[in-house]
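Shown next, in structure tokens, is the structure this report addresses.
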Amino acid sequence: NAGVTQTPKFRVLKTGQSMTLLCAQDMNHEYMYWYRQDPGMGLRLIHYSVGEGTTAKGEVPDGYNVSRLKKQNFLLGLESAAPSQTSVYFCASSIWGGSYEQYFGPGTRLTVT
Amino acid sequence: DAKTTQPPSMDCAEGRAANLPCNHSTISGNEYVYWYRQIHSQGPQYIIHGLKNNETNEMASLIITEDRKSSTLILPHATLRDTAVYYCIARGATDSWGKLQFGAGTQVVVTP
């Protein structure tokens, strides 16, 4: 039982390049989330999904797109990377929303030059 | 979600209990108190949560005051691996999409 995994662990992009971050969970959770964490700050929610085939915007969605084609996977895409998107990205999942706890992946450290 | 207030940092000796306070004076009746921690460069880790009653699990105990305006997370026997930033979060059970509002947290350093 791997829990929540994220690929890649590290990535360096040039401004304007695109990439996709993959999150996978093997706990059969319905809800999945993408957060970003900037140095010295707390996590901010980018997008989330309440089930397969659904996505919704969080606090800071601009510049990102997501897809949840399979229940176990949640993809975060950057179509045209900007230096402001340099951050550590965390994926999380939970059985349901509300009062259920979230389980986090190890993070992807992204640098945009 | 109610705002929470935590001290920015605290030290604890290895083997001793670590008591982490959190104020949430504006918490509403349906909001739970959650604790997560983040060890350096890792993803946040769920510790415990509660509504009114005190809670205990294999990692920690959570003591919530009767008026629910504050709580204390207790790590009974702190180890060096407990060095982390600890986040106290108040979140409603009716918050159906489950956003966690992370604040600055408390940096806990466990020393030998």
Side-chain angles (χ1 to χ4, degrees), chain A residues 2-7 9-10 21 23-25 27 29-51 54-61 66 68 74 87-109, chain B residues 1-6 8-9 22 24 27-53 55 57-60 62 64 68 73 84-107:
Chain A
V4 180
T5 58
Q6 294 182 233
T7 53
K9 290 184 169 50
F10 302 93
L21 283 66
C23 175
Q25 52 94 5
M27 297 175 283
H29 286 174
E30 289 294 331
Y31 283 58
M32 296 187 75
Y33 313 83
W34 276 107
Y35 292 86
R36 62 177 285 175
Q37 185 174 34
D38 299 317
M41 296 180 65
L43 280 72
R44 293 183 291 170
L45 183 68
I46 306 171
H47 285 280
Y48 65 99
S49 167
V50 301
T54 74
T55 63
K57 294 179 180 180
E59 297 175 86
V60 288
V66 287
R68 183 107 180 264
F74 195 28
S87 190
V88 181
Y89 292 85
F90 291 103
C91 175
S93 71
S94 61
I95 299 175
W96 298 106
S99 63
Y100 289 93
E101 61 270 23
Q102 295 181 18
Y103 295 88
F104 285 79
T108 294
R109 188 174 298 274
Chain B
D1 296 340
K3 178 178 168 59
T4 61
T5 304
Q6 301 176 250
S9 64
C22 179
H24 31 79
I27 197 169
S28 62
N30 69 346
E31 287 183 314
Y32 287 74
V33 178
Y34 287 78
W35 284 86
Y36 284 77
R37 73 180 183 183
Q38 188 172 22
I39 296 170
H40 183 61
S41 298
Q42 297 183 21
Q45 178 188 23
Y46 165 79
I47 301 173
I48 198 168
H49 75 283
L51 184 63
K52 295 181 186 177
N53 300 321
E55 302 287 345
N57 63 21
E58 64 278 4
M59 288 183 68
L62 174 61
I64 302 174
R68 302 207 329 119
L73 178 75
V85 178
Y86 287 76
Y87 297 98
C88 170
I89 300 166
R91 181 156 71 90
T94 55
D95 180 4
S96 60
W97 52 282
K99 183 189 79 172
L100 287 175
Q101 192 75 36
F102 286 84
T106 296
Q107 173 68 63

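Every chain is numbered from 1 and lettered A, B, ... according to where its sequence line falls, protein lines coming before strand lines.
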Set of side chain to side chain donor-acceptor pair (under 3.5 Å) partners for Tyr89(A), sequence neighbours left out: Tyr64(A)
Is Arg109(A) in contact with chain B via its backbone, its side chain, both, or neither, using a 4.5 Å heavy-atom distance? side chain
Which atom names give the shortest non-hydrogen contact between Glu101(A) and Tyr46(B), and what distance separates them? CB-CD1, 3.3 Å
Taking side chain as everything from C-beta outward and backbone as N, CA, C, O, which of these in Gln37(A) sits under 4.5 Å from a heavy atom of chain B? Side chain, backbone, both or neither. side chain
With sequence neighbours left out, the residues meeting side chain to side chain donor-acceptor pair (under 3.5 Å) with Ser28(B) are Asn30(B), Glu31(B)
For side chain to side chain contact (heavy atoms under 4.5 Å, CB included), just list the numbers for Gln42(B) and Phe104(A), CA-CA rounded to whole Å, side-chain angles, deciding distance to a tenth of an Å, and then say yes or no. CA-CA 9 Å; Gln42(B) 297 183 21; Phe104(A) 285 79; over 6 Å; no
Side chains of Gln102(A) and Pro44(B), heavy atoms from C-beta outward: is any pair under 4.5 Å? no
